[in-house]
Amino acid sequence: MSSSTSLNLSLQLGFAKNWTSASLRPRTSTCCTCQKRSTLEQQKKEDRESRGEKTRSLTKDETVVFKSHIEQQHSLPPLVGALKASAEKSAASFHFPGHNRGRAAPSSLTKLIGIRPFTHDLPELPELDNLFSPEGPILEAQMKAAKLFGSSETWFLVGGTTCGIQAAIMATCSPGEHIILPRNCHISAISAMVLSGAIPKYLMPEYDCKWDIAGGITPSQVGKAIKDLERDSQKPAAVFITSPTYHGICSNLREISQLCHAYEIPLIVDEAHGAHLGFHPSMPLSALKQGADLVVQSTHKVLCSLTQSSMLHMSGYIIDRERVCRCLQTLQSTSPSYLLLASLDAARGQLGENPGTVFNKALELATEANTLIKKIPGISVLDLASFNEFPAIDPLRLTIGSWSLGLSGYEADDILDRDHGVVSELVGTQSITFAINLGTCREHIQRLVTGIKKLSVSSLHSRTMEKRFESKRCFFANKRSVSIRESLGKVCGELICPYPPGIPVMIPGEIITERALNYLLDVRSKGAVVTGAADSHLSSIVICDV
């Protein structure tokens with residue numbers, strides 16, 4: 001065995017040994033975060049004392065100016081303030097990135113967004129802290145986020161919620177262990193199982209064929225899955241739930257978490273679409289408030305950070321935080337964007353200013369839109385009547401159906417976009433979903449309602465109803481491409497996923513059914529983009545030779 005091979009094997013074995021240690025163990029009271037927090041508080045005290053000595057030695061006028069500067073810096077969120085101060089330095093820069101604080105920024109892009117994003121696009125300079133071992137502004141920003149959202153610890157993510165989901169599953173599941181999760185989970189959960197070696201125990205979510213929409217997961221489904229594994233002398237390493245769904249349907253996480261904890265099983269929640277939940281009495285409670293152990297949120301969706309920035313929250317002591325840290329260090333970039341990190345800090349600061357009332361206007365506009373659209377002939381509005389086993393639907397998600405007008409969701413969406421400049425968040429075979437947020441204004445709500453009214457008038461009775469179709473080792477197996485009809489009954493060798501919403505219809509290792517093929521062909525004929533398939537036209541499909 002060569003020395004390089006031996007080293008590689010040692011690294012793999014050492015890494016596996018760390019990751020396969022028991023994930024359900026209490027954290028010690030001397031964890032590095034506690035030590036860093038103590039260090040940070042001591043440093044703040046010393047800084048305050050240092051500033052006090054300095055102001056006493058200044059003149060009266062100089063003291064006023066100095067205090068004003070300190071107050072201005074402290075009025076900013078910690079990481080935002082640190083980034084601002086670093087960008088304002090008159091520095092001779094001999095570091096990356098190559099645009100050199102905007103001096104060599106491409107003119108085609110500066111004409112579009114200006115120079116300022118480049119001047120603040122800085123690397124991990126000492127004053128900006130280190131994402132993987134935070135001791136300064138990043139640590140302070142994450143601590144403030146943890147306090148606001150109600151977690152015991154929060155990590156900033158620059159790889160989106162995808163990265164957080166992968167880290168959460170890898171931190172709780174070792175190779176060969178089972179994870180209970182919904183069959184319509186996001187594609188990132190599928191890749192996490194490949195990375196971790198976890199074995200899926202799938203749950204089929206509630207489904208409404210009229211809307212062609214899947215709901216959430218019930219506590220009874222989770223309980224049955226746990227008992228099924230128990231009969232086979234297996235215990236799941238984790239339970240993974242998506243709540244709310246893309247359409248805003250919320251599962252009963254309180255009961256699910258209580259059930260999981262009775263078996264000492266950690267609950268992971270994909271709360272990508274629910275970072276705002278719990279910040280108004282009219283909203284459903286957040287996953288953290290309902291007892292989830294690891295929660296991943298897309299802060300860039302309803303909240304206002306930059307696209308690709310997310311947060312991972314941990315609650316309680318059932319999860320090994322050091323294992324979470326190792327997984328994040330494996331998955332996240334070693335060159336994180338400080339624009340993304342600062343935007344997370346800024347979004348937290350924005351939400352924290354008025355956490356109980358910040359969504360008042362958005363909720364008022366959402367209620368107004370819901371009420372007006374329900375009165376439009378030929379238009380249906382999704383509510384809990386279609387999913388009465390679930391406790392709530394996010395009031396900031398508005399989903400409409402136009403099948404009574406003889407229009408698919410794709411066709412109706414195309415008309416609204418082309419003729420009225422109304423851009424939706426999610427389109428399905430039977431529905432369109434609109435996301436209302438802090439930036440939504442009344443003029444846009446009026447345009448939405450007007451556009452749907454005109455859609456109704458022009459389409460009602462003019463078209464006939466269209467036919468609707470109802471809707472483990474294979475990852476590394478030898479594969480070949482066959483015609484789509486020849487693939488029936490074979491083992492699927494690729495992950496085929498209409499986008500949006502990014503939920504796979506077929507996963508490597510599953511038997512290809514006529515129902516699944518018809519669904520894929522149907523959604524593609526109505527305008528959906530199908531990703532993951534080698535042949536995007538779906539004239540052929542890759543199968544496994546197993």
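These numbers come from the heavy atoms of this one structure, side chains and all, not from hydrogens, waters or symmetry mates.
In this structure, R442 and E364 have side chains that are in contact, with non-hydrogen atoms separated by less than 4.5 Å. You'll find the side chain of H313 reaches within 4.5 Å of the side chain of Q297, heavy atoms only. Counting only heavy atoms from C-beta outward, the side chains of C163 and L328 approach each other to under 4.5 Å. Residues R323 and T172 fail the side-chain proximity criterion, which asks for heavy atoms closer than 4.5 Å. Between L438 and V302 the shortest side-chain heavy-atom distance does not fall below 4.5 Å. The shortest distance between side-chain heavy atoms of P97 and D121 falls below 4.5 Å. For the pair T433/R397, a side-chain contact is recorded, criterion being any heavy-atom separation below 4.5 Å from C-beta on. Side-chain contact between R480 and V542: absent, with no pair of heavy atoms (C-beta onward) separated by less than 4.5 Å.
Within the 3.5 Å criterion, the main-chain N or O of I452 finds no donor-acceptor partner in the side chain of S456. A donor-acceptor pair under 3.5 Å links the side-chain atoms of E271 to the main chain of A287, judged by distance alone. The backbone N or O of I268 lies less than 3.5 Å from no partner atom in the side chain of D293, so there is not a single donor-acceptor pair. Under a 3.5 Å cut-off, the side chain of S86 and the backbone N or O of A82 do not form any donor-acceptor pair. With R326 contributing its side chain and R321 its backbone, the two residues share no donor-acceptor pair below 3.5 Å. Looking at E494, its side chain does come within 3.5 Å of a backbone N or O of A534 through a donor-acceptor pair. Judged purely by atom type and a 3.5 angstrom limit, R348 has no side-chain atom pairing as donor or acceptor with the backbone of Q142. Remark: the backbone N or O of L339 is paired with a side-chain donor or acceptor of S337 at under 3.5 angstrom. For T429 (side chain) and V523 (main-chain N/O), no donor-acceptor pair under 3.5 Å exists by modelled atom type. Distance alone, capped at 3.5 Å, places no donor-acceptor pair between the N130 side chain and the P134 backbone.
Here the CD1-OG1 distance, from I496 to T531, works out to 9.5 Å after rounding to the nearest 0.5 Å. Here I319 contributes atom CD1 and E153 contributes atom CD; the two are 12.0 Å apart, rounded to the nearest 0.5 Å. In this structure, SG in C304 is found 11.5 Å from NE2 in H276, a value given to the nearest 0.5 Å. Between the CD1 atom in I400 and the CH2 atom in W211 there is a gap of 8.0 Å [rounded to 0.5 Å]. Atom CG of L131 sits about 10.5 Å away from atom OG1 of T334, to the nearest 0.5 Å. Between atom CG of residue N184 and atom CD1 of residue I213 there is a gap of 11.5 Å, rounded to the nearest 0.5 Å.
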ask   = Run the side chain to side chain donor-acceptor pair (under 3.5 Å) check on R101 and H120 step by step: do they pass?
value = CA-CA 7 Å; R101 300 186 181 232; H120 293 83; over 6 Å; no
request  = Quick one: do F279 and F149 satisfy side chain to side chain contact (heavy atoms under 4.5 Å, CB included)? Show the steps, please.
outcome  = CA-CA 9 Å; F279 286 100; F149 288 95; 3.7 Å; yes
ask   = Does the pair F240 and I165 meet the rule for a side chain to side chain contact (heavy atoms under 4.5 Å, CB included), with working shown?
value = CA-CA 9 Å; F240 178 93; I165 288 173; 3.8 Å; yes
request  = Evaluate the criterion side chain to side chain contact (heavy atoms under 4.5 Å, CB included) for residue pair L303 and L351; output intermediate values, then yes/no.
outcome  = CA-CA 8 Å; L303 301 185; L351 183 60; 4.0 Å; yes
Stepwise side chain to side chain donor-acceptor pair (under 3.5 Å) test for T245 and T242 = CA-CA 6 Å; T245 66; T242 304; over 6 Å; no
task = Begin from the C-alpha positions of H186 and S188 and carry the test side chain to side chain donor-acceptor pair (under 3.5 Å) through to its verdict.
result = CA-CA 5 Å; H186 189 263; S188 56; 3.0 Å; yes
ask   = Under the side chain to side chain donor-acceptor pair (under 3.5 Å) criterion, do S298 and T161 qualify, and how do the steps go?
value = CA-CA 6 Å; S298 293; T161 294; 2.6 Å; yes
key: Check against side chain to side chain contact (heavy atoms under 4.5 Å, CB included), S151 and V295   = CA-CA 9 Å; S151 67; V295 177; over 6 Å; no
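V158 pairs in a side chain to side chain contact (heavy atoms under 4.5 Å, CB included) with only one of the listed residues (S310, S309, P336), which is P336.
Of all heavy-atom pairs spanning L363 and S282, the tightest one is CD1-CB, 4.3 Å. Closest of all the heavy-atom pairs between P78 and D345 is N-OD2, 3.2 Å. Residues L306 and S343 approach most closely at N-OG, 3.0 Å, considering heavy atoms. I393 and H247 make their closest contact through CG2-O, 4.1 Å (heavy atoms, listed as atom of the first residue, atom of the second, distance). Across every non-hydrogen atom of N100 and S93, the tightest pair is ND2-O, 3.2 Å. Summarising the geometry of S315 relative to L288, their closest heavy-atom pair is CB-CD2, 3.7 Å, with the distance given to 0.1 Å.
Side-chain polar atoms of Q430 and S408 form no donor-acceptor pair below 3.5 angstrom. For S305 and T299, the side-chain atoms include no donor-acceptor pair closer than 3.5 Å.
Listed by chain and number, the residues in a side-chain contact (heavy atoms from CB on, under 4.5 Å) with T357 are N354, N360 (sequence neighbours excluded). Residues passing the salt bridge (charged side-chain N to carboxylate O under 4.0 Å, His left out) test with D419, sequence neighbours excluded: none. Residues passing the salt bridge (charged side-chain N to carboxylate O under 4.0 Å, His left out) test with R447 are E443, sequence neighbours excluded. Scanning for side-chain contact (heavy atoms from CB on, under 4.5 Å) contacts around S424 gives D413, V427, I432, F434, with sequence neighbours left out. For T440, the side-chain contact (heavy atoms from CB on, under 4.5 Å) partners at least two apart in sequence or on another chain are L365, I436, N437, I445.
Within a 6.0 Å radius of CZ in R116, no more than 12 heavy atoms belonging to other residues, nucleotides or ligands are found.
Using cut-offs of 30° and 60° on the angle between ring planes, the pair H273 and Y246 is tilted.
Salt-bridge check for E127 with K89: passed, with a basic side-chain N closer than 4.0 Å to an acidic carboxylate O.
The ring pair (Phe, Tyr, Trp, His ring centres under 6.0 Å) analysis of residues 81-113, with sequence neighbours excluded, yields the pairs H99-F118.
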